[in-house]
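Order of the sequence lines fixes the chain letters, A, B, ..., with proteins taken first and strands second; residue numbering starts at 1 for each chain.
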Amino acid sequence: QVQLVQSGAEVKEPGASVTVSCEASGYTFTVYYIHWVRQAPGQGLEWMGRMSPYSGVTTYAQKFQGAVTMTRDTSISTAYMELRRLTSDDTAVYYCARGPPDSTRVFYFDYWGQGTLVTVSS
Amino acid sequence: QIVVTQEPSFSVSPGGTVTLTCALSSGSVSTNSYPSWYQQTPGRAPRTLIYNTSIRSSGVPDRFSGSVVGNKAALTITGAQADDDSDYYCVLFMGRGIWVFGGGTKLTVL
């Protein structure tokens, strides 16, 4: 069965960087996009960007351009999301989610990771 | 900047019908926005309900249905149950690989 398993909770100081991983299993990793979505405490979901594990091509939401980098290691079917220059506003649960390739004309997030809490605090 | 708007809150009686909507700040939502809907309870990852406007995800009860009504995407719950008490989010595909979530609707079943 399809699973996305994320790395554990992180506590970071303001100005630091954090990297969250998302290990995929149960399907061919390179076929589906990996999206990253975050949710600040008590707030809604926010799409951050997506990466094609096949090509490494990324698309980021304008808000996160310059602050986020999404990468992957296909040998271990794992995607990574690095967020830099953290502030308290980046305190959130970060989710990875799988999305079908655009060529299918099916657009949604069909499987989700369990979420990773990142706390930014001095 | 693209803003996707949902009703902040809604309430429905058990057994009742409710329609939640998803609108664009400028322009209309159409099937070409490929609206999808997600249900989330506190402390849990979102659960996929509807995609490509109206297709139910695997295992989703048929009391959940999706459509485009006028210039908005809509999620209708027919015969609401207590465990439908959740937050509901729509997301739109804006093209060029860009997605935008709505602010979410907190649905209370009472």
Side-chain angles (χ1 to χ4, degrees), chain A residues 1-6 9 20 22 32-52 54-65 68 70 92-117, chain B residues 1-9 20 22 29-60 64 66 68 73 75 86-107:
Chain A
Q1 72 282 23
V2 174
Q3 281 194 304
L4 299 174
V5 178
Q6 299 182 221
V20 179
C22 172
Y32 292 81
Y33 284 106
I34 293 291
H35 298 257
W36 290 90
V37 175
R38 78 176 185 181
Q39 186 170 37
Q43 302 300 309
L45 300 172
E46 183 175 30
W47 183 80
M48 300 178 68
R50 75 173 185 183
M51 179 197 62
S52 164
Y54 175 77
S55 64
V57 172
T58 54
T59 304
Y60 302 136
Q62 187 172 11
K63 173 178 179 177
F64 297 101
Q65 288 181 4
V68 71
M70 297 175 187
V93 175
Y94 290 77
Y95 294 100
C96 62
R98 192 184 82 159
D102 292 354
S103 59
T104 64
R105 309 311 293 170
V106 175
F107 295 91
Y108 73 128
F109 313 127
D110 57 359
Y111 289 90
W112 295 72
Q114 83 275 19
T116 297
L117 174 63
Chain B
Q1 180 176 333
I2 299 167
V3 177
V4 177
T5 302
Q6 299 181 241
E7 298 88 356
S9 62
L20 312 181
C22 175
V29 177
S30 72
T31 56
N32 291 329
S33 303
Y34 299 94
S36 55
W37 292 88
Y38 303 83
Q39 177 191 51
Q40 189 183 36
T41 52
R44 304 289 299 271
R47 170 198 181 196
T48 306
L49 294 177
I50 300 286
Y51 63 95
N52 278 33
T53 304
S54 60
I55 303 174
R56 273 187 298 277
S57 189
S58 176
V60 173
F64 292 94
V68 170
L75 173 71
S86 301
D87 296 328
Y88 292 85
Y89 294 92
C90 69
V91 65
L92 303 179
F93 179 63
M94 307 309 299
R96 300 181 188 179
I98 300 295
W99 300 70
V100 181
F101 275 96
T105 297
K106 180 175 181 58
L107 179 67

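Considering only heavy-atom pairs separated by less than 4.5 Å from chain A, the leading option among B:Gly97, B:Ser57, B:Ala45 is B:Gly97. For the set A:Glu46, A:Gln39, A:Lys63, the count of heavy-atom pairs under 4.5 angstrom toward chain B peaks at A:Gln39. Most heavy-atom pairs under 4.5 Å with chain A: of the set B:Pro42, B:Pro46, B:Ser58, this distinction falls to B:Pro46. When each of A:Val93, A:Thr59, A:Asp102 is scored by its heavy-atom pairs under 4.5 Å with chain B, the top score falls to A:Thr59. Top candidate by heavy-atom pairs under 4.5 Å with chain B, chosen from A:Arg105, A:Gln114, A:Gln62, is A:Arg105.
Contact annotation for A:Tyr95: only side-chain heavy atoms (C-beta onward) come within less than 4.5 Å of a heavy atom of chain B. Using a 4.5 Å cut-off between heavy atoms, A:Tyr33 makes no contact with chain B at all. Only the backbone of B:Arg96 has a heavy atom closer than 4.5 Å to any heavy atom of chain A. Of the atoms belonging to A:Gln43, it is backbone heavy atoms, and not side-chain ones, that fall under 4.5 Å from chain B.
Rounding to the nearest 0.5 angstrom, the gap separating the CG atom in A:Leu45 from the CH2 atom in B:Trp99 is 13.5 Å. Distance check, rounded to the nearest 0.5 Å: CG of A:Asp110 to OH of B:Tyr51 gives 8.5 Å.
Atom OH of A:Tyr54 has 12 or fewer neighbouring heavy atoms from other residues, nucleotides or ligands inside a 6.0 Å radius. Within 6.0 Å of the OH atom in A:Tyr111, the count of heavy atoms belonging to other residues, nucleotides or ligands does not exceed 12.
Closest approach of B:Asn52 to A:Val106, counting heavy atoms only: OD1-CA, 3.6 Å.
For the pair B:Tyr38 (side chain) and A:Phe109 (backbone), a donor-acceptor distance under 3.5 Å is present.
Looking only at side-chain heavy atoms (C-beta outward), B:Gln40 and A:Trp112 stay at 4.5 Å or farther from each other. Side-chain contact between A:Phe107 and B:Val91 is absent, with no heavy-atom pair separated by less than 4.5 Å. Side-chain atoms of B:Phe101 and A:Val37, non-hydrogen and from C-beta on, do get closer than 4.5 Å to each other.
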